[in-house]
Amino acid sequence: MKLIFILQLVLLFFLVSCTKEKAAPKQVFVPSECDSIPKSFSVDVFPIIQNNCTGCHSGSSPSGGIKLADHNDISSNLILTLETVNHEVGLTPMPYLQPKLSDSLIQVLECWASSGAPNN
């Protein structure tokens, strides 16, 4: 009797775990105004990162192990960067111990990301 009960519990566990839907991956916010927002990495995006991020996220021992020194670093950490500058719940808000970036600066980053994060 105990064995049947245990088998039923195990079966129930597998059925529940197999049918549970996984959360969809977070999508980058795409503002409708992106058509009028500049999307140049070197002219628009990199200066934002340099002025607000590379003080801690560069060098041989970047904070949190996240280096944001060039296009490759920035584009490979893009989702996390956008989430932290948007002060998503559960993440350390960036820039650390500084005011949140202005909506216009965040929009430049988001528009650049939505255009495929080109190295231009």
Side-chain angles (χ1 to χ4, degrees):
M1 186 72 160
K2 273 187 170 180
L3 180 60
I4 293 174
F5 179 72
I6 292 172
L7 288 175
Q8 287 175 335
L9 285 176
V10 169
L11 180 60
L12 180 63
F13 172 78
F14 284 126
L15 288 175
V16 170
S17 66
C18 290
T19 60
K20 186 176 181 180
E21 289 186 32
K22 294 187 177 10
K26 186 159 182 77
Q27 297 294 315
V28 174
F29 174 71
V30 182
S32 60
E33 300 84 26
C34 279
D35 291 339
S36 63
I37 302 293
K39 298 171 203 72
S40 168
F41 175 75
S42 59
V43 174
D44 305 303
V45 173
F46 195 58
I48 295 170
I49 300 297
Q50 278 185 312
N51 292 331
N52 297 283
C53 308
T54 57
C56 297
H57 295 285
S58 63
S60 60
S61 185
S63 182
I66 298 173
K67 190 173 182 181
L68 300 173
D70 57 30
H71 178 270
N72 187 51
D73 295 336
I74 295 163
S75 61
S76 63
N77 290 293
L78 188 54
I79 299 297
L80 180 60
T81 301
L82 289 173
E83 290 175 341
T84 58
V85 299
N86 276 302
H87 293 193
E88 296 285 331
V89 175
L91 297 172
T92 303
M94 294 292 157
Y96 187 66
L97 298 178
Q98 299 294 318
K100 184 176 179 180
L101 295 180
S102 70
D103 289 344
S104 61
L105 291 179
I106 292 173
Q107 190 174 37
V108 168
L109 297 174
E110 290 173 338
C111 289
W112 173 72
S114 72
S115 69
N119 188 4
N120 54 359

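Residue indices begin at 1 and follow the sequence shown.
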**Complete:** Tightest non-hydrogen contact, residues His57 and Ile66, listed as ND1-O, 2.8 Å
**Message:** For the NE2 atom of His87 and the CE atom of Met94, what is their distance to the nearest 0.5 Å?
**Reply:** 8.5 Å
**Asked** Going from CG on Asn72 to CG on Asn77, what distance comes out if it is rounded to the nearest 0.5 angstrom?
**Response** 9.0 Å
**Asp103 atom CG, neighbour heavy-atom count above 12 within 6.0 Å** = no
**Asked** Taking side chain as C-beta onward, heavy atoms only, is Val43 less than 4.5 Å from Asn120?
**Response** no
**Asked** What distance separates Leu105 CG from Ile49 CD1, expressed to the nearest 0.5 Å?
**Response** 10.0 Å
**Prompt:** Quick one: are Glu110 and Leu82 in side-chain contact, heavy atoms under 4.5 Å?
**Reply:** yes
**Asked** Taking it one step at a time, do Leu80 and Leu91 satisfy side-chain contact (heavy atoms from CB on, under 4.5 Å)?
**Response** CA-CA 9 Å; Leu80 180 60; Leu91 297 172; 4.3 Å; yes
**Message:** To check you understand the geometry: which heavy-atom pair defines the closest contact between Leu109 and Val45, and what is its length?
**Reply:** CD2-CG1, 3.7 Å
**Ser58 side, atom OG; Asp73 side, atom CG - distance, nearest 0.5 Å** = 9.5 Å
**Complete:** OG of Ser76 to CG of Leu68, rounded to nearest 0.5 Å, is 8.0 Å
**Atom pair OG1/CD1 of Thr54 and Ile48 - distance to nearest 0.5 Å** = 12.5 Å
**Request:** Measure the acute angle between the ring planes of His71 and Trp112, then classify it against the limits of 30° and 60° as parallel, tilted or perpendicular.
**Result:** perpendicular
**Asked** For Cys34 and Ser114, which heavy atoms make the closest approach, and how far apart are they?
**Response** SG-OG, 3.8 Å
**Message:** Whether the side chain of Asn86 engages the backbone of Glu88 through a donor-acceptor N/O pair (distance < 3.5 Å, no angle test) should be reported.
**Reply:** no
